[in-house]
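Structure first, then comments.
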Amino acid sequence: MRTLVSPSTLRSPGGKIGYAVIFACTLLLFVIAFLFPLYWAVTGAMKSPQELAQTPATFIPNEWHPETFADAWDQLSLGKYFLNTVVVAGGAWLAQLAIDVPAAFALSKLRPKFGNVVLGLMLATLMLPAAALLVPTYVTITDLPLLDVNLINSPAAVWLPAAANAFNIYLLKRFFDQIPDELIEAARLDGAGPVRTLWRIILPISRPILAVVSILAVVAAWKDFIWPLLVFPDTEKQTLSVMLQRVAIDMPLNVLVAGMVLASLPMVALFLAFQRHILAGLTAGSLKG
């Protein structure tokens with residue numbers, strides 16, 4: 001295989017040093033690119049409103065005001081809106097697992113008639129822009145078919161649309177396709193039905209992909225803005241993203257930035273806690289029987 005530098009050059013002392021320097025510089029650039037926005041937000045929250053708005057901006061605050069985070073928590077009533085967001089994001093996560101996992105298992109292992117057609121129709125929805133789905137989804141939520149229920153100002157208005165996630169179903173199906181059919185046959189011979197097979201056999205060995213789907217579901221629900229803005233006209237039931245936009249005009253800039261930092265901390269902590277499972281799920285390619 002031809003490369004820019006020959007293997008013999010890389011094995012030489014000069015090649016090893018050059019490779020290490022280039023690798024370290026590239027890694028440092030990526031670290032700076034990802035961490036600098038976090039640093040800028042955190043330090044911006046600890047500046048005074050005048051310093052935060054001045055031009056040119058100061059890289060390090062002239063005066064540190066860490067009490068801004070406590071002020072943001074109190075003035076923005078973040079505790080209440082954190083609870084609203086946790087309920088919305090947690091329910092969306094559970095709804096997606098309850099619907100998408102069995103759907104992917106059925107399409108992968110049970111292979112129903114016209115299953116490929118159903119999967120193709122699901123994937124076709126990914127070609128539509130999200131804005132094009134807002135109106136029909138909103139009409140459905142305001143008058144739920146068969147039940148005649150209006151879900152406005154109810155967390156279920158977010159949970160139900162989130163459960164219909166074609167991308168997660170496809171992601172799960174591709175993982176389930178790698179599981180040997182012999183495991184399913186062995187469970188069937190032991191008298192296990194589809195539900196028991198899914199619960200006892202498939203789910204325990206699918207933790208990496210379940211972690212990926214869980215992170216995608218929680219982050220999408222946590223940071224979503226347009227849909228919660230439409231379905232939560234009651235300000236007491238709004239999520240963090242909607243509330244922060246609503247109070248942005250009247251709130252001091254440093255307090256607003258502090259609220260945004262506090263609102264993002266749970267997602268950062270969630271990723272750091274489960275990064276090993278996420279990477280394992282993204283790199284899972286196959287299982288050997």
Distance check, rounded to the nearest 0.5 Å: Lys223 atom NZ versus Phe225 atom CZ? 12.5 Å
In short, Ala89 meets Ala221 closest at the heavy-atom pair CA-CB, 3.7 Å
Return the CG to CD1 distance between Leu183 and Ile201, rounded to the nearest 0.5 Å. 7.0 Å
Does the Trp222 side chain pair with the main chain of Ala263, one donor and one acceptor, at a distance under 3.5 Å? yes
Taking all heavy atoms of Thr140 and all of Pro145, pick out the closest pair and write down the distance. CG2-CD, 3.7 Å
Determine whether a donor-acceptor pair (N or O, by modelled atom type, separation under 3.5 Å) exists between the side chain of Lys173 and the backbone of Asn168. no
Please tell me if the side chains of Tyr81 and Val242 come closer than 4.5 Å, counting only heavy atoms from C-beta onward. no
Steps toward ring pair (Phe, Tyr, Trp, His ring centres under 6.0 Å) verdict (Phe34, Tyr39): CA-CA 10 Å; Phe34 282 102; Tyr39 168 81; over 10 Å; no
Sequence-distant partners of Ser214, side-chain hydrogen bond (donor to acceptor under 3.5 Å, both in side chains), two or more places apart: Trp93
CD-CD1 distance between Gln178 and Ile209, expressed to the nearest 0.5 angstrom: 10.5 Å
Looking at every non-hydrogen atom in both residues, tell me the closest pair between Pro161 and Ala156 and how far apart they are. CD-O, 4.0 Å
Quick check against the 3.5 Å criterion: does Thr85 have a side-chain atom that pairs as donor or acceptor with the backbone of Thr239? no
Would you indicate whether the side-chain heavy atoms of Lys237 and Asp234 approach each other to under 4.5 Å? yes
Criterion side chain to side chain contact (heavy atoms under 4.5 Å, CB included) on Leu76 and Val247, from CA distance to verdict: CA-CA 8 Å; Leu76 299 176; Val247 303; 3.7 Å; yes
Pairwise distance CG(Asp100) to CG(Asn165) - rounded to 0.5 angstrom: 5.5 Å
Quick check on Tyr170: does its OH atom have over 12 non-hydrogen neighbours (other residues, nucleotides or ligands) under 6.0 Å away? no
Can you list the residues that meet the side-chain hydrogen bond (donor to acceptor under 3.5 Å, both in side chains) rule with Glu63, with sequence neighbours excluded? none
With hydrophobic residues grouped by side-chain heavy-atom distances under 4.5 Å, do Tyr138 and Val88 end up in a single group? yes
Hits for side-chain hydrogen bond (donor to acceptor under 3.5 Å, both in side chains) against Ser108, two or more places apart or cross-chain, chain-then-number order -> Asp177
Mind checking whether Phe105 and Phe176 have parallel, tilted or perpendicular rings, split at 30° and 60°? perpendicular
For the CD1 atom on Ile249, are there more than 12 heavy atoms of other groups (residues, nucleotides or ligands in this structure) within a distance under 6.0 Å? no
Measuring from Leu210:CG to Ile215:CD1, what's the distance to the nearest 0.5 Å? 12.0 Å
So, for Ala157 and Ile141, which heavy atoms are closest and what is the spacing to 0.1 Å? CB-CG2, 3.7 Å
Decide whether Leu160 and Phe167 are clustered together by the hydrophobic rule: side chain heavy atoms of Ile, Leu, Val, Met, Phe, Trp, Tyr closer than 4.5 Å, transitively. no
Find out if a path of hydrophobic residues (ILVMFWY) with successive side-chain heavy-atom gaps under 4.5 Å connects Met46 to Leu262. yes
Run Thr58 and Lys47 through side chain to side chain donor-acceptor pair (under 3.5 Å) and show every step you take. CA-CA 9 Å; Thr58 55; Lys47 297 177 182 178; 3.3 Å; yes
Main-chain N/O of Ile60 paired to Thr43 side chain as donor or acceptor, under 3.5 Å: no
Please examine the side chains of Thr137 and Trp227, heavy atoms only from C-beta on, and report whether any two atoms are closer than 4.5 Å. yes
Measure the spacing between OG of Ser206 and CG of Leu172 and express it to the nearest 0.5 Å. 8.0 Å
I'd like to check Met251 versus Gln75 (side-chain heavy atoms, cut-off strictly below 4.5 Å). Are they in contact? yes
What pair of heavy atoms forms the shortest contact from Leu107 to Leu119, and how long is it? CD1-CD1, 4.1 Å
Just wondering, do Asp143 and Val139 contact through their side chains at under 4.5 Å, heavy atoms? no
Going by side-chain hydrogen bond (donor to acceptor under 3.5 Å, both in side chains), name the residues that satisfy it together with Asp190, two or more places apart in sequence or in a different chain. none
Honestly curious: do Leu144 and Phe232 fall in one hydrophobic cluster under the side-chain, below-4.5 Å linking rule? yes
Using every non-hydrogen atom in the two residues, find where Leu198 and Pro102 come nearest and quote the distance to one decimal. CD2-CA, 4.2 Å
Same cluster or not: Val158 versus Leu244, using hydrophobic residues (I, L, V, M, F, W, Y) connected whenever any side-chain heavy atoms lie under 4.5 Å apart? no
In this structure, are over 12 heavy atoms from other groups packed under 6.0 Å from Phe30 atom CZ? no
Mark yes or no for whether Asn84, through its side chain, and Gln238, through its backbone, hold a donor-acceptor pair below 3.5 Å. yes
Take a 6.0 Å sphere around CH2 of Trp64 and say whether it holds more than 12 heavy atoms from other residues, nucleotides or ligands. yes
Is the backbone of Lys80 close enough, under 3.5 Å, to the side chain of Ser77 for a donor and an acceptor to pair up by distance? no
Contacts of Ile226 that satisfy side chain to side chain contact (heavy atoms under 4.5 Å, CB included) - sequence neighbours left out: Leu134, Leu230
Do the side chains of Asp181 and Arg188 get close enough for a salt bridge, i.e. N-O under 4.0 angstrom? no
Check: Ser241 and Asp224 side chains under 4.5 Å, non-hydrogen atoms: no
More than 12 foreign heavy atoms under 6.0 Å from CG of Asn150: is that the case here? yes
Where do Met267 and Val218 land on the side chain to side chain contact (heavy atoms under 4.5 Å, CB included) test, with the steps shown first? CA-CA 8 Å; Met267 294 300 98; Val218 172; 3.8 Å; yes
Hey, does Asn62 have a side-chain heavy atom less than 4.5 Å from the side chain of Glu51? yes
Residues at least two apart in sequence or cross-chain that pass side chain to side chain contact (heavy atoms under 4.5 Å, CB included) with Ala192, listed by chain then number, are Ala187, Arg196, Thr197
Flag the pair Phe175 / Val213 as yes when at least one side-chain heavy-atom distance between them is below 4.5 Å, and no otherwise. no
Ring pair (Phe, Tyr, Trp, His ring centres under 6.0 Å), that's the test. Do Phe36 and Trp40 meet it? Break it down for me. CA-CA 6 Å; Phe36 181 75; Trp40 195 252; 5.6 Å; yes
